[in-house]
Amino acid sequence: MLFVELARTSAAVASTSKRSDKVAAFADVFGRLAPDEIAPAVAFATGSTLIGRLGVGWATLRDVRPEPATTPSLTIGDVDRAVVTLASISGAGSQARRRDVLHELLAAATEPEQRLIVGIIGGELRQGALDGVVAAGVAKAAGVAVGQVQRGAMFAGSLPAAARVALTAGQPGLAAIELTPAQPVQPMLASPATDVGDALSNTGLASVEWKLDGARIQAHRSGGEVKLFTRNLNDVTDRLEGVARTVLELPGGDLVLDGEVLGLDADGAPRRFQDTMGDFGADETGRGSGLRAFFFDVLHAGGSLVDEPLATRRDVLSETVPETSRLPSIITADADDAAAFLDRAIAAGHEGVMVKDLESAYDAGRRGGAWRKVKPVYTFDLVVLAVEWGHGRRQGWLSNLHLGARGSDNEFVMVGKTFKGLTDELLRWQTERFLGLELGREGHIVHVRPEQVVEIAVDGVQVSTRYPGGVALRFARVRQYRHDKSAADADTIDQVRSLLR
DNA sequence: CACTTATAATC
DNA sequence: TTCGCAG
DNA sequence: CTGCGAAGATTATAAGTG
């Protein structure tokens, strides 16, 4: 199939807000793909490729922009092959060679094809459709239920893989896809709760577990071989030798575990997330060996457990994994008990707790109400130093706020940015407000007189080398504008720093 | 060799 | 990772 | 209730520059 068909479909999908129209458009093209085109085409439709790192990002895309071709000629296979080529280039001179390959690809692409390619490689397709809509398109084309496709994607580890099965083998093929050790599955996700009472009101009797501030890890043991995957299903086995050894030594046969890795200090206290990531990100050389795994769920042990209730999976976990490699947890429906447990987790230096419905199955890939996360929120009253013009649906509005804490003698120290928590009404208000405080412009940044105070919620702060105060906010979001406060009432840089540990 | 830029990963 | 909006 | 897009901070490594 010609790539331009996919490109036209993407453009059509972007131009409508009607989900059903998007689904129908995708279903039309998916139904006409040759078997070998299915996986790459579905990946392209979701704005990604079958391969992870291409070594090409926004900066390269910005520089390499040949004139579009006037006639479409590229096939789905052509684009797929170009992607494989890009990913394979390395060594000295690789940047120039990647540019050459990219230039050749884009020069052969018509205008809509260029838009799709740039969106895919840049990772910002913004067509109003990702895995959810595309899965629905696959289901429609294959004549099966969306849930079947989603389930297949969860256990096959990716939507493109499930799509190929759906479109070539239909419902029976999809039904045959099962959780298989050594084959990573989409991890179950949690939605946020304001406090443990809020969480428990949704879950009922729950397993309340420490939430560690590390990286999610999925451990598979199959035929005496261990594989470790991240939340995004990247294989990190050779970065975590110690963890792999631990899993290898557990009793029983084939096994799939869900957990978190992080580093511990000599006294057993959790290291800062930044330090854990330092070890985690480092290649081999044994640096990641300082990381330890703490498991909280088991998906497979002598058979699949994903459809079993959490209560059962917990029992299996405690029989399989020693307490030292498990997360502390309690079973309760009582908010006071849960709150006390949360306090202990915080006192031990951890991020918070997870509250999980004891009766719930392991809903791979879902972010439902069965798992809720609870972590403390801190607030600061900060001063807006500058604002950036928004993109996409925020085009024409001042959006991203530069935030400053009060330093010495009327100086403000920037500690981060945020665009979160703003309603459309607030965006309108702040655009007018900050244009009124404008001092000057620098690209898409509007500098303003430091007068407007805003209450900012954060999960915490972190050490920073790029911000002048040596501290940066973590997950900052707007709570409200403080019309009752002036800049002189804002919180100080020392108050922000006091949250460091 | 030191430093910068680009990319991709975690949260 | 958080949050608001639209379907 | 679900999916999407608005963008944040940090880390590491590879490749390019002077």
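In the text below, chain A, chain B and the rest are named by the order of the sequence lines, each starting its count at 1.
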What is the nucleic acid contact for [X], judged by heavy atoms within less than 4.0 Å: base, sugar-phosphate only, or nothing?
X: A:T60; value: sugar-phosphate
X: A:G214; value: sugar-phosphate
X: A:E425; value: nothing
X: A:A476; value: nothing
X: A:A129; value: sugar-phosphate
X: A:E260; value: nothing

Polar contact flag, side-chain donor to acceptor under 3.5 angstrom, [X]-[Y]:
X: A:H402; Y: A:E388; result: yes
X: A:R394; Y: A:S399; result: yes
X: A:R433; Y: A:Q452; result: yes
X: A:E438; Y: A:H447; result: no
X: A:T423; Y: A:E425; result: no
X: A:D307; Y: A:Y362; result: no

Measure from the side chain of [X], starting at C-beta and using heavy atoms only, and say which of [options] lies closest.
X: A:N232; options: D:dA7, C:dT1, B:dT10; result: B:dT10
X: A:Q274; options: B:dC11, D:dA7, D:dT11; result: D:dT11
X: A:T423; options: D:dA7, C:dC5, B:dA9; result: C:dC5
X: A:R62; options: B:dA8, C:dT1, B:dA6; result: B:dA6
X: A:R231; options: D:dG16, D:dG8, B:dC11; result: B:dC11
X: A:A472; options: D:dA9, C:dT2, B:dA9; result: D:dA9
X: A:Q462; options: D:dA15, B:dA8, D:dT10; result: D:dT10
X: A:D424; options: C:dC5, D:dG3, D:dG8; result: C:dC5

Can you check the [X] [atom1] to [N] [atom2] distance for me, whole Å?
X: A:E351; N: C:dT1; atom1: CD; atom2: P; result: 8 Å
X: A:D63; N: B:dT7; atom1: CG; atom2: P; result: 9 Å
X: A:R272; N: B:dT10; atom1: CZ; atom2: C1'; result: 16 Å
X: A:F273; N: D:dA9; atom1: CZ; atom2: C1'; result: 9 Å
X: A:L189; N: C:dT2; atom1: CG; atom2: C1'; result: 14 Å
X: A:L233; N: B:dA9; atom1: CG; atom2: C1'; result: 14 Å
X: A:R466; N: D:dG8; atom1: CZ; atom2: P; result: 9 Å
X: A:L54; N: B:dA9; atom1: CG; atom2: C1'; result: 14 Å

Is any side-chain N or O of [X] closer than 4.0 Å to OP1 or OP2 of [N]?
X: A:S90; N: D:dA14; result: no
X: A:K420; N: D:dA7; result: no
X: A:T230; N: B:dT10; result: yes
X: A:N234; N: B:dT10; result: yes

Exercise. Enumerate the residues from residues 371-396 of chain A whose closest heavy atom to DNA chain D is under 4.0 Å, giving them by residue number; use none for an empty result.
Key: A:E388, A:G390, A:H391, A:G392, A:R393
Self-check item: Neighbours of DNA chain D within residues 14-30 of chain A, by heavy-atom distance under 4.0 Å
Solution: A:R19
Quiz item: Do the ring centers of A:Y481 and A:W429 come within less than 6.0 Å of each other?
Solution: yes
Quiz item: Is the centre of the A:W389 ring less than 6.0 Å from the centre of the A:H444 ring?
Solution: no
Quiz prompt | Residue whose closest nucleotide on DNA chain D lies nearer the 5' end, A:N202 versus A:I89 | solution = A:N202
Exercise. Tell me which of A:E124 and A:V471 sits closer to the 5' end of DNA chain D, going by the nucleotide each one is nearest to.
Key: A:E124
Exercise. Output yes when a side-chain donor or acceptor of A:Q114 lies under 3.5 Å from a complementary backbone atom of A:P66, and no otherwise.
Key: yes
Quiz item: Hey, is the main chain of A:I456 close enough, under 3.5 Å, to the side chain of A:R479 for a donor-acceptor pair?
Solution: no
Quiz prompt | salt bridge (Lys or Arg N to Asp or Glu O under 4.0 Å) partner of A:D459, the single match among A:R477, A:K420, A:K373, A:K211 | solution = A:R477
Exercise. Any chance you could measure A:K22, atom NZ, to A:S17, atom OG, to the nearest 0.5 Å?
Key: 7.0 Å
Practice problem: Between A:V478 and A:K211, just flag the one whose closest nucleotide in DNA chain C comes earlier from the 5' side. | Solution: A:K211
